[in-house]
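The next block holds one structure in the form of structure tokens; read it before the comments.
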Amino acid sequence: MARLCGACCGLLIFSATILAGLLAGNPIENIILRSVAGLAGGFVLGSVAAWIAVVVVNEKTDTHDPAPIAAPSENHNGNGRLTARSNVTPDARS
């Protein structure tokens, strides 16, 4: 994922640098040199940004809850507490 984002950023910078150089009327040698440097820099920056995003998403989705949540069963109400009358609907209770 990080490499893909880096490649996309690098190619975007590469094409933008070529277009800007051609529109400015720069010599082809300078355009290619700057474009390849932009490609490498864009790849590195895009990869680092994607790696940071992956780390943040992984940290937010990991749960470090020591007590696992029990699956609902006949003995549990919606709050996870054991009840004597869990099979009775809330409307039928008085």
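None of these values were measured; they are calculated from a predicted model.
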Test of understanding: with side-chain contact (heavy atoms from CB on, under 4.5 Å), list the residues that count as partners of [X], not counting sequence neighbours.
X     : answer
Leu11 : Leu39
Val57 : Thr61
Ser47 : Phe43
Leu23 : Leu19

Locate the shortest heavy-atom distance separating [X] from [Y]; write the atom from each residue and the value.
X     : Y     : answer
Ala50 : Ala2  : CB-CA, 3.5 Å
Gly42 : Cys9  : O-CB, 3.5 Å
Phe14 : Ser35 : CD1-O, 3.2 Å
Asn26 : Ile31 : O-CD1, 3.4 Å

Problem - pair Leu22-Ile28: side-chain heavy atoms closer than 4.5 Å - result: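 When only atoms from C-beta onward are counted, Ile28 and Leu22 do touch, with a gap below 4.5 Å.
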Handout entry: Value rounded to 0.5 Å, distance of CG in Leu45 from SG in Cys5
Key =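 Interatomic distance, Leu45 CG to Cys5 SG, rounded to 0.5 Å: 10.5 Å.
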Exercise for the section: List, by chain and number, the other hydrophobic cluster members for Leu33, where Ile, Leu, Val, Met, Phe, Trp and Tyr join if side-chain heavy atoms come within less than 4.5 Å, directly or indirectly. Expected result: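 Besides Leu33, the cluster holds no residue at all.
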